[in-house]
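First comes the structure, then the notes that go with it.
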2 protein chains.
Amino acid sequence: MARTKRFDEEEVLNNAMLFFWHKGYNGTSPQEILDELGLSRSSLYDTYGDKRSLFISTLKRYRDTITGEIIHMLDTTENVPETIKLLFQQAKNSCFSGDEKRGCFMVNSKVELAIHDEEVAAIVKENREALENAFTGAIKRGQEKGQLSKDNQPRALARFIMNNLWGLTVHSKSGADKKVFDDIIRMTLSVVK
Amino acid sequence: MARTKRFDEEEVLNNAMLFFWHKGYNGTSPQEILDELGLSRSSLYDTYGDKRSLFISTLKRYRDTITGEIIHMLDTTENVPETIKLLFQQAKNSCFSGDEKRGCFMVNSKVELAIHDEEVAAIVKENREALENAFTGAIKRGQEKGQLSKDNQPRALARFIMNNLWGLTVHSKSGADKKVFDDIIRMTLSVVK
DNA sequence: ATATTTGTGGAACAAAAGTTCCGTTAATAT
DNA sequence: ATATTAACGGAACTTTTGTTCCACAAATAT
């Protein structure tokens, strides 16, 4: 048999994701990733293919981990309004905690690339639909349990919630302060009843 | 005196803006702009400075024209709820009319660059604040005229409206269909009362 | 211990990006 | 008509980007 890889495949993929997330696809060069991660050029190309393939892999990884976790929360929560509130708090906190205001990788990527790259567009679309379905399902359960009124159509409410979560990711790049986030979250949640 | 420019300075600036708007800062090369606009390299650099300066000029142009127009509408409208509704309809239409789904140049630019470029961050922040003030002023007038109830704080409602408009620009990159937009707009406007 | 086979280091490269420079051209003020 | 001065065309150049290739290294099955 042949020798084994000296680097952890998942770890490098994760770090590459952070690069693309932070600086965008066109703003990140293979060289930067190599410098930071210390693996050799040939290993990078050998393992992940070219730059675009690597990017697509990181986007899928985001979908499977970050988006996946949110969907799991929505699928399993016993307290729907509380979980929705929590997601908004998390969105706010990620904008003011120590680390960078990276926003959402999926949002950043679709804004940069979705018009020009069909594969990115497809991933992004699938991601949106999966999230919408998870929110819709959770809202339905919330309504059945009496945690939410039946005044709103579940899918419409789901779409509205997502619109406001995405709006917050844009706000995170706009120099808005905490009060702005609090106002938006308060007003949005006033509809989630 | 010297000879006059063979190109229209404003027109080239406008076309350069469309490039950056469509393909992003890092996705657009000076060469592409030159190829399309037909002016010479030296004229471009002579007139607008380097690529980044040109970009900054186009971003300011957007602020002065597109954002300026929205602010003007809000400052002068006699029917505030109607104007707000109109802005949402325009946001929706721009996603489905013949031309490209470019989204909002200000949103695209801040998502791509605001973390890394202080000057972009400043323009983007100022743009947000100017818009928020215009919405807030309009909402106050609407409340005084009895077109809107006084249940909502004007500034909080303004922030909420902007959050949903920006959310729509993200939706325009997400492969969402008309029904998604209609649900979001209906739910958002249900709060604008 | 060796053969096998894949990983690794790094040289090398073509193309593109971003910019500068300069000789030439052409408006216009006088 | 000419001098003046800025615009123009395009050659040229330095980096950076994205990628390939190959000689060498090392893990493991036998």
Side-chain angles (χ1 to χ4, degrees), chain A residues 1-60 108-109 112-113 115-120, chain B residues 1-60 108-109 112-113 115-120:
Chain A
M1 274 287 157
R3 71 197 272 196
T4 51
K5 286 183 202 295
R6 175 170 287 183
F7 61 94
D8 184 76
E9 213 165 315
E10 283 297 301
E11 192 192 325
V12 167
L13 194 57
N14 197 59
N15 281 307
M17 177 177 78
L18 293 177
F19 263 103
F20 287 131
W21 192 343
H22 188 58
K23 313 197 42 173
Y25 176 74
N26 286 313
T28 304
S29 69
Q31 190 59 50
E32 286 178 87
I33 295 174
L34 295 171
D35 288 345
E36 177 77 13
L37 300 187
L39 81 170
S40 85
R41 214 179 309 281
S42 50
S43 298
L44 187 75
Y45 279 88
D46 227 50
T47 308
Y48 306 99
D50 63 13
K51 183 187 169 186
R52 187 171 162 286
S53 301
L54 173 61
F55 176 80
I56 297 286
S57 297
T58 64
L59 200 57
K60 287 180 176 168
N108 296 359
S109 299
E112 184 183 6
L113 303 170
I115 309 184
H116 304 100
D117 189 316
E118 281 186 29
E119 196 170 359
V120 171
Chain B
M1 270 288 155
R3 70 198 271 197
T4 49
K5 286 182 201 295
R6 174 169 290 183
F7 60 94
D8 183 75
E9 213 165 315
E10 283 298 301
E11 192 192 326
V12 167
L13 194 57
N14 197 59
N15 282 307
M17 177 177 80
L18 293 177
F19 263 104
F20 287 131
W21 191 345
H22 188 59
K23 313 196 41 170
Y25 175 74
N26 287 312
T28 304
S29 70
Q31 191 58 51
E32 287 177 87
I33 295 174
L34 294 173
D35 288 346
E36 177 78 14
L37 301 188
L39 81 170
S40 84
R41 213 180 309 284
S42 49
S43 298
L44 187 74
Y45 279 87
D46 228 49
T47 307
Y48 307 99
D50 63 13
K51 182 187 172 189
R52 187 172 161 284
S53 301
L54 172 61
F55 176 79
I56 297 285
S57 298
T58 62
L59 200 56
K60 287 180 177 170
N108 296 358
S109 299
E112 184 182 8
L113 303 170
I115 310 183
H116 303 100
D117 190 317
E118 282 186 28
E119 196 170 358
V120 171

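Predicted, not measured: the structure shown is a model, and the values here were computed from it. Numbers restart at 1 for each chain; the letters A, B, ... are given by sequence-line order, proteins then strands.
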Nearest-angstrom distance from the residue atom CG of A/Leu37 to P of C/dG9: 13 Å
Close side-chain approach of B/Leu59 and B/Glu119, heavy atoms under 4.5 Å: no
Given DNA chain D, 5'-ward residue of the pair A/Asn26 and A/Arg6, judged by closest heavy atom: A/Asn26
Closest nucleotide among C/dG7, C/dG18, D/dG9 to the B/Ser40 side chain: D/dG9
Sugar-phosphate only, base, or nothing, as touched by A/Ser42 at under 4.0 Å among non-hydrogen atoms: base
Minimum-distance nucleotide (side-chain atoms of B/Asp50 versus C/dT19, D/dC8, D/dA7): C/dT19
Candidates C/dT19, D/dT19, C/dT28 - which lies nearest the side chain of B/Thr4: C/dT28
Heavy-atom check, side chain of A/Thr58 versus side chain of A/Trp21, under 4.5 Å: no
B/Phe7, nearest nucleotide to its side chain (from C/dT8, D/dC8, D/dT28): D/dC8
Interatomic distance, B/Leu34 CG vs C/dA17 P [rounded to whole Å]: 11 Å
A/Arg41 vs A/Thr47, nearer the 5' end of DNA chain C by closest nucleotide: A/Thr47
B/Lys51 charged N/C atom sitting above B/Tyr25 aromatic ring, 6.0 Å / 45°: yes
Polar pair under 3.5 Å, donor/acceptor by atom type, side chain A/Arg3, base D/dT28: no
Whole-Å gap separating C1' (D/dG10) and CD (B/Gln31): 11 Å
A/Tyr48: which of A/Ile56, A/Val12, A/Ile33 passes side-chain contact (heavy atoms from CB on, under 4.5 Å): A/Val12
From C/dT8, C/dT20, D/dG18, nucleotide with atom closest to A/Lys51 side chain: D/dG18
